[in-house]
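Structure record follows, encoded as structure tokens.
The model shown is predicted, which means the values in this text are computed figures rather than measured ones. Here is the naming used below: chain letters follow the sequence lines, and residue numbers restart at 1 for every chain. Just so it is clear, the values below take in all heavy atoms, side chains as well, and ignore hydrogens, waters and symmetry mates.
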Number of protein chains: 2
Amino acid sequence: MVEKAAAPLRADAERSVRAILEAAERVLAVDPGASMEQIAVAAGVARTTIHRRFANRQALIEALATSAARQLAQAVDDGRPDTAPPLVAMHRITANVLQVKGAWTFALSQGDDPDSEAAALQLDIARRCVAVLARAQADGLIDEKADLDWVRRVYYALIGESLHGGDDSDTDPDTLAARIIDTLLHGAGPRA
Amino acid sequence: MVEKAAAPLRADAERSVRAILEAAERVLAVDPGASMEQIAVAAGVARTTIHRRFANRQALIEALATSAARQLAQAVDDGRPDTAPPLVAMHRITANVLQVKGAWTFALSQGDDPDSEAAALQLDIARRCVAVLARAQADGLIDEKADLDWVRRVYYALIGESLHGGDDSDTDPDTLAARIIDTLLHGAGPRA
DNA sequence: CGAAGATGCAACAGCTCTGATGCAGTTACC
DNA sequence: GGTAACTGCATCAGAGCTGTTGCATCTTCG
């Protein structure tokens, strides 16, 4: 209801919505059970304002997930997954995704409702991800016998792990992306 | 207070505690914000009984995390990480850990309080994990230049991903463990 | 068997969160 | 500049969860 944008929001209202979504991400990432009040304070907004824009807590979270998924899809697109050479695409996409996922940890950790827009986006992203991997496979970068869906899952896991970032002094997306792809393709074993 | 076992619990009481912990895992895995009442029902116990054994919700969760961490440590020990050949140890440990982590998803996903017993156990487990990797490295299974802490994190991530189990028709721990170790050591790239 | 321990049940007070409403003041937009 | 939208604030009722207590009953264990 809220997202359908049947009636275009006024400029200040749109600003509020953005502030609320960003605050929700910040607050819920720390405490997933945080109250609407806490989110409101973090957003510099009255609690009632949140309720005016989002009927439920769930509606808010759904909007949050959708917003983040859209940005994630954009991050993938920006890497030119269909045209750039596979290795280049993978590197760029990884670096982009790392930034988005880092900024929307909570939003992207929500198990999306199967028939939500967020879920559809995630599915499409996975599809394009596998497509890139298939191109890499065609180029001989990935073993021809490899199960691409498993490779994709490993790829996701490596990204997730990189974000937890232990005592990584190195948080440069490009550096992290390089390590992810290197690990994905070669593992930890000895180099030839 | 509850865990110190200063006063050994009566047999029926201990049974209750186990039932509560197992129910808590089951219920909280589905809904981390579930109420004590829901847990009590799932445990076949009155809510007041839970409060008699665990002062807080937090105390319950802490006990849950500690219990699971102990089982995890046991799973590692059972793989003879210090004596068995590295590859054998890794495989056995992985298979064992998969089972424990699968059964205690929620408990082991809690970010443990830094000075809790659970945290100490997790730290010890990580230490022993790196030790096994170091032995594998000495055997030439892992590149000599590899950052073992990163390798350990990748290993953890692969285990976690394997548990999410997409449409894996194959849920046999040994099969999954084999894939994990293969991926960890060789990645997805073409084989020699 | 008997005492100590454990449990279920019912009831209670206290707290927090939710969602809604009315109103007065401000802000954006035509 | 005026209207419509937006917001903050105060307030409200309702709901749910928590943690505790008292008491009667059942179970364990010596």
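Nucleic acid contact class of G44(B) (heavy atoms, under 4.0 Å, all strands): sugar-phosphate only.
Here the side chain of A11(B) is nearest to one of dC17(C), dT28(D), dG8(D), namely dT28(D). Which of dT7(C), dC17(D), dG8(D) sits closest to the side chain of A13(B) comes down to dT7(C). Of the candidates dG19(C), dT27(C), dA6(C), dA6(C) carries the atom nearest the R53(B) side chain, counting heavy atoms from C-beta on. The side chain of T48(A) has dG8(D) as its nearest neighbour among dT7(C), dT20(D), dG8(D). Closest approach to the S35(A) side chain among dG19(C), dT18(C), dA28(C) is made by dT18(C) (side chain taken as heavy atoms from C-beta onward).
To the nearest angstrom, P of dA10(C) lies 12 Å from CD of E37(B). Straight-line distance from the CE atom of M36(B) to the P atom of dT20(D): 10 Å, rounded to whole Å. Counting to the nearest Å, the P atom of dA20(C) and the NE2 atom of H51(A) are 7 Å from each other. When the C1' atom of dA15(D) is taken as reference, atom CZ of R57(A) falls 16 Å away, rounded to whole Å. The separation between R15(A) atom CZ and dA5(D) atom C1' is 13 Å, rounded to whole Å. One interatomic measurement links the two molecules: CD1 of I50(B) to C1' of dG8(C), which rounds to 13 Å at whole-angstrom precision. The CZ-C1' distance, from F54(B) to dC17(D), rounds to 19 Å in whole Å. The CG atom of D31(A) sits 10 Å away from the P atom of dC17(C) (whole-angstrom rounding).
One cannot find a donor-acceptor pair under 3.5 Å joining the base of dA6(C) and the side-chain atoms of R10(B). Counting atom types as modelled, R52(A) pairs a side-chain N or O with a base atom of dG8(D) as donor and acceptor under 3.5 Å. Judged by distance alone, with hydrogens and angles left aside, R47(B) brings a side-chain donor or acceptor within reach of the base of dG19(D), the pair sitting under 3.5 Å.
Look at D143(A) and K145(A) and you find no salt bridge, because none of the NZ, NE, NH1 or NH2 atoms lies under 4.0 Å from a carboxylate O. Classification of D182(B) and R191(B) as a salt-bridged pair holds, one side-chain N sitting under 4.0 Å from a carboxylate O. Look at R152(A) and D149(A) and you find a salt bridge, because one of the NZ, NE, NH1 or NH2 atoms lies within 4.0 Å of a carboxylate O, short of that distance. Looking at D124(A) and R128(A), a side-chain N of the basic residue comes within less than 4.0 Å of a carboxylate O on the acidic one, giving a salt bridge.
For the OP1/OP2 pair of dT18(C) and a distance below 4.0 Å, the side-chain nitrogens and oxygens of N56(A) include no atom meeting the criterion.
Residue T49(A) is the one, among Q38(B) and T49(A), whose nearest nucleotide of DNA chain D lies closer to the 5' end (criterion: closest heavy atom).
Criterion: ILVMFWY side-chain heavy atoms under 4.5 Å apart, direct or through other members. Under it, L121(B) and V100(B) are not part of a common hydrophobic cluster.
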